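A, B, ... follow the sequence lines: proteins, then strands. Residue 1 opens every chain. Only a predicted model underlies this, so the values are computations on that prediction, with no experimental measurement involved.
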Protein chains: 2
Amino acid sequence: MDNQDKIKTALKVCHLYYEDGLSQGEIASKLAISRPTISRLLQFARDQGLLRIEIMDPLKDLDVLAQQLEAKYQLKKVILIFDATNDLDAINPKIGAAAADYLETIVKDNDSIGISWGETLENVANHLHPSNANNVSVVQLKGSVSGSEMNNFANDIINKFSNAFHTDAVNLPLPVIFENATTKQVVMQDHFIKAIIQAGIDANIALFTSGTVRDDAMLFNLGYLTDPEIKQLQAQAVGDVVSRFITATGELADSDIDERTVGIPLAALRDKEYSILVSGSSWKVASIRAALLGGYANVLITDSQTAAALLD
Amino acid sequence: MDNQDKIKTALKVCHLYYEDGLSQGEIASKLAISRPTISRLLQFARDQGLLRIEIMDPLKDLDVLAQQLEAKYQLKKVILIFDATNDLDAINPKIGAAAADYLETIVKDNDSIGISWGETLENVANHLHPSNANNVSVVQLKGSVSGSEMNNFANDIINKFSNAFHTDAVNLPLPVIFENATTKQVVMQDHFIKAIIQAGIDANIALFTSGTVRDDAMLFNLGYLTDPEIKQLQAQAVGDVVSRFITATGELADSDIDERTVGIPLAALRDKEYSILVSGSSWKVASIRAALLGGYANVLITDSQTAAALLD
DNA sequence: AGTCTATTTGAAAATATGTTCATGTTTGCC
DNA sequence: GGCAAACATGAACATATTTTCAAATAGACT
């Protein structure tokens, strides 16, 4: 066997071994070569530099990425978790845990925490630990949902925050989007409701996520929006923040729908001591970027791949 | 151990295992962790995508590289050998073997092969097999050397070619560079010498290498050139072809020295059926490029890294 | 062609790695 | 704080890989 043939065989063995995950024995019988020879071919490949094993250092990389993001979007703090899968089910628990950890480090006595709800916030709630801070209040930043399942979902988050901060969280007992602006206006006259919204505006910490405008976006599947409205939003908006849809540059996308939406106004997020955007996965890059450009967050918690995408 | 710590430890283990080549057992005692845990950490690192194993396909790459070189320098044929070491002692035998193989495929009855000498040619000679072609002649393209060692060196190459092609190679029994042009002119009057040079010019196959202008270049260490001459050549030339020094663009670098040099003129290489440049390693990139730009070769035999450099 | 040496090969032994399982530890939950 | 479930750990075992070594093969030289 001449050198070229040897390289060729060694490469085939490398592919079977490192990519297809066959054992050397399996490769041996498949190629009708003895086991030791397979071992030697792999050694040969390594010696010849035929395969390159690169060890990444995501932790070091994360630091750099975080700093670059802080600079680019003028953020107070960026927290990144490492993820190579880009799988929501893997990312969400991790950024949830990171957000819960971060929250624990910043919450002090008498703080007021405004929260939204959704899958991401659920993951944050799941990782909360009992807080040492006293007299902390928790308030919902946006309306809830009428469907019973979903309502339980939002309530579950509220309850977990309540427990963690030893308080009774203030629930905003309204649908997140009304059918028309007038209805909302009327409801908003209610002093009790007004007070809740004001509490959300006054909260010094806000914790929220950003949503997409994909067909499977949660806000599109609650029945509050008609198909034409959804189509129009998909054309104009890149996602939502506290259920308010924004364009790629962070502007409000549709004031009509916005006026039917129950919750704190977007602008209120700009003035908070901590306005924490917790959102990850490649699907959400556009909405995160928009939220950051709009200045709605001063803290970002996301995953490494999304972070890299946000720098482009 | 939380996730970040786990990643950190896993990375350390990866470095020790894949880069430093320690066994899992060694790592275990070094870090005071049990062996199975090391195994699990490595598995974890692979699962998390913390290390990337890339299998190169130098053979496929070589094809592409070769084609690009053929196009860029308008060559009849480019033959590349794979080498990741960039070590002359590794490269030379391989390109020598490749050159010998190629020569065997092209030599036909009544061909005339002109050869130079040097380390590279020695390697070609070492890999020659007895040829099937009849009536092949072999002639030296340039003068030899007077020092006995070196003379043997050149003779050895001649002899191996003679044996492989079942002929008595025509030796050019002169120093490759004379002390002054006049001496050379006088010697060149000799009909016998003239005939040998003419045979070199008429050879339809030429096999030669390119040299550098580094201090350790063979032509600088034979005593034919003074130190000032060497300095000047190093300033103007990038290397030599059949002992004639050329600039980066393939022009003659110094006509005075050229007129003292014994061998076929550079231009003679341009008209050959096969003008085969056998030369590799990063040190020789400049001289190879110059030789190709000068049009002195229509076949190039080199290594992969040099090939890549020639494309820049 | 024949002999010598260097290289390659696979069986078997030695080593290294992966997995199982019982145990100890942490974590979530009331 | 205590209980249960999930998880991490290392000893022992099972498997996979590498090395050794003797035999076979190919190559070099006469």
Exercise. Roughly how bent is the helix from C:dA1-D:dT30 to C:dC30-D:dG1 end to end, in steps of 10 degrees, with each end axis from five pairs?
Worked result: 50°
Let me know the distance between [atom1] of [X] and [atom2] of [N], rounded to the nearest Å.
X	N	atom1	atom2	answer
A:Leu31	C:dG10	CG	P	12 Å
A:Leu128	C:dG28	CG	P	11 Å
B:Leu41	C:dG18	CG	P	12 Å
B:Ile38	C:dT15	CD1	P	21 Å
B:Arg46	C:dG18	CZ	P	5 Å
B:Gln43	D:dA8	CD	C1'	16 Å
A:His127	C:dG28	NE2	C1'	11 Å

For [X], all residues meeting side chain to side chain donor-acceptor pair (under 3.5 Å), sequence neighbours excluded:
X	answer
B:Asp57	none
B:Glu54	none
B:Thr306	B:Asp303
A:Asp168	none

Problem set entry | Under 4.0 Å protein heavy-atom contacts per nucleotide of nucleotides 21-30 of chain D, with B for base, S for backbone only and - for none | ----------
Problem set entry | Selected nucleotide, minimal atom distance to B:Ile33 side chain, candidates D:dG10, C:dG18, D:dT19 | D:dG10
For this session: Pick base, sugar-phosphate or nothing for B:Ser39, based on heavy-atom distances below 4.0 Å to the nucleic acid.
Result: base
Between the protein and nucleotides 12-16 of chain D, are there any N/O to N/O pairs under 3.5 Å, and if so, what are the atom names and distances?
none

Exercise. Is the closest side-chain donor-acceptor distance between A:Ser279 and A:Ser210 under 3.5 Å?
Worked result: yes
Seminar exercise, completed: With sequence neighbours left out, the residues meeting salt bridge (Lys or Arg N to Asp or Glu O under 4.0 Å) with A:Lys94 are A:Asp83
Among residues at least two apart in sequence or on other chains, which ones pass side-chain contact (heavy atoms from CB on, under 4.5 Å) with [X]?
X	answer
B:His166	B:Pro130
B:Val170	B:Val139, B:Ile196
A:Ala164	A:Leu128

For this session: Please indicate whether A:Glu119 has more than 12 foreign heavy atoms, meaning atoms of other residues, nucleotides or ligands, lying under 6.0 Å from its CD.
Result: no
For this session: May I have all residue pairs that pass side-chain hydrogen bond (donor to acceptor under 3.5 Å, both in side chains) and include part of residues 27-44 of chain B, sequence neighbours excluded?
Result: B:Ser34-B:Thr37, B:Gln43-B:Arg46, B:Gln43-B:Asp47
